[in-house]
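A quick write-up on the structure given underneath.
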Amino acid sequence: MGHPALVFEPASSPEAGLAEAPAMALAVETAAISPESWPTGNKFSIIIPSYNRTEILEGLLTHFNKSSCPSLKEIYVNWSNASAAIPTFLVDGRFSRYPVKIILPRVFSLEQRYVPPEDLNTEAVFQLDDDLRLSCEDLEFGFKVFKQFPQQIAGFVARGHYLDAESNTWRYTAKFDGYSLILTGAAFLHRRWLENFFNPGIMPPGVLEFVKEHQNCEDIAMNFLVSHTTKRPSNFC
């Protein structure tokens, strides 16, 4: 079955894209998206972006190698440090419980964490920062939530947003009564969102330019993309 039709009126220029981003909700049109059109399968892959925290990364992989996660199929490490050699522990076969594969980005930039691996074999992807560690029990629970709402983000780190009256700017915070964002440092996503994130017909080019320039806010951009397209919230596990 093909992907749902997503139509976005592109920004007139990369610079204008950022200014036009607030209108994204009005510009995106989508047919009704049913769960049946977003297959999840019974397995998920983990993608871990990593730069130079090799000891932390090794500890995280050791954690999974000693754990039993029934639904975990494989682990990808997005090695984003062009100036450092790939650590020996990533290639010497010591992690045998789950296959550990290395992704070498073509461009070393923050948004590259969302580039789907060419050999990705699962519909469900768990994005995990290398300095976070979750139990298999938590991951299995999160995966169950994701499978109920596969079009939406399901994750473990939430944030709220508010309008700062003094500066008249939008801000987001960990101190909130509710939540409106799920950070993608520990979140399940359908692989289609990884593909759509770089599609200029869906994601306003100015948003990607902002992320590249500031090396920040990629998780906010992904939340905008998913929520504005589906008209549905993210799920806090």
Legend entry - Residue pairs passing the salt bridge (Lys or Arg N to Asp or Glu O under 4.0 Å) test where at least one lies in residues 69-87, sequence neighbours excluded: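 Those involving residues 69-87 are Glu74-Lys101.
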Legend entry - Inter- and intrachain pairs under ring-ring contact (aromatic ring centres under 6.0 Å, His included), touching residues 73-124, at least two apart: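 Qualifying pairs, neighbours excluded: Tyr114-Phe197.
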Legend entry - Pairs touching residues 48-67 that satisfy ring-ring contact (aromatic ring centres under 6.0 Å, His included), sequence neighbours left out: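 Pairs touching residues 48-67 that pass the test: none.
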Inset, instruction - Could you check whether the rings of Phe44 and Phe188 sit parallel, tilted or perpendicular, using 30° and 60° as the cut-offs? - result: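 Phe44 vs Phe188 ring planes: perpendicular.
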Inset, instruction - Can you label the angle between the His190 ring and the Phe146 ring as parallel, tilted or perpendicular, going by 30° and 60°? - result: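 Answer is tilted, since the angle falls between 30° and 60°.
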Inset, instruction - Please go through Leu163's hydrophobic cluster and name the other residues, only I, L, V, M, F, W, Y counting, with side-chain heavy atoms under 4.5 Å joining them. - result: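 Other cluster members: Trp170.
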Legend entry - Pair Leu104-Ile86, side chain to side chain contact (heavy atoms under 4.5 Å, CB included): steps then yes or no: CA-CA 10 Å; Leu104 295 176; Ile86 296 174; 4.0 Å; yes
Is a salt bridge present between [X] and [Y], judged by a nitrogen-to-oxygen distance below 4.0 Å?
X: Arg106; Y: Glu118; result: yes
X: Arg191; Y: Glu195; result: yes
X: Glu58; Y: Arg94; result: yes
X: Arg53; Y: Asp129; result: no

Inset, instruction - Sorted by first residue and then second, give each disulfide bond (SG atoms under 2.5 Å apart) pair with at least one member in residues 65-154; sequence neighbours left out. - result: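 Found Cys69-Cys136.
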Inset, instruction - Could you note down all residue pairs passing disulfide bond (SG atoms under 2.5 Å apart) where residues 202-237 supplies at least one of them, sequence neighbours left out? - result: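 Sorted result for residues 202-237: empty, none.
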Legend entry - Polar contact flag, side-chain donor to acceptor under 3.5 angstrom, Gln152-Thr230: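 Checked: Gln152/Thr230 side chains show no N/O donor-acceptor pair below 3.5 Å.
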Legend entry - Modelled atom types, side-chain donor and acceptor of Thr169 and Asp164, under 3.5 Å: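 Judged by distance alone, the side chains do not pair up.
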Legend entry - Point-to-point distance, once rounded to the nearest 0.5 Å, from OG1 of Thr40 to CD of Glu123: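 The distance works out to 8.5 Å.
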Legend entry - Interatomic spacing from OG in Ser80 to CG in Asn52 - rounded to 0.5 Å: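 Atom-to-atom, Ser80:OG and Asn52:CG are 10.5 Å apart.
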Legend entry - Asn42 atom CG: more than 12 heavy-atom contacts under 6.0 Å: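 Count not over threshold, so no.
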Inset, instruction - Count the heavy atoms of every other residue, nucleotide or ligand shown that sit under 6.0 Å from CD of Gln215, and state whether that count exceeds 12. - result: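 More than 12 heavy atoms, drawn from other residues, nucleotides or ligands, come within 6.0 Å of this atom.
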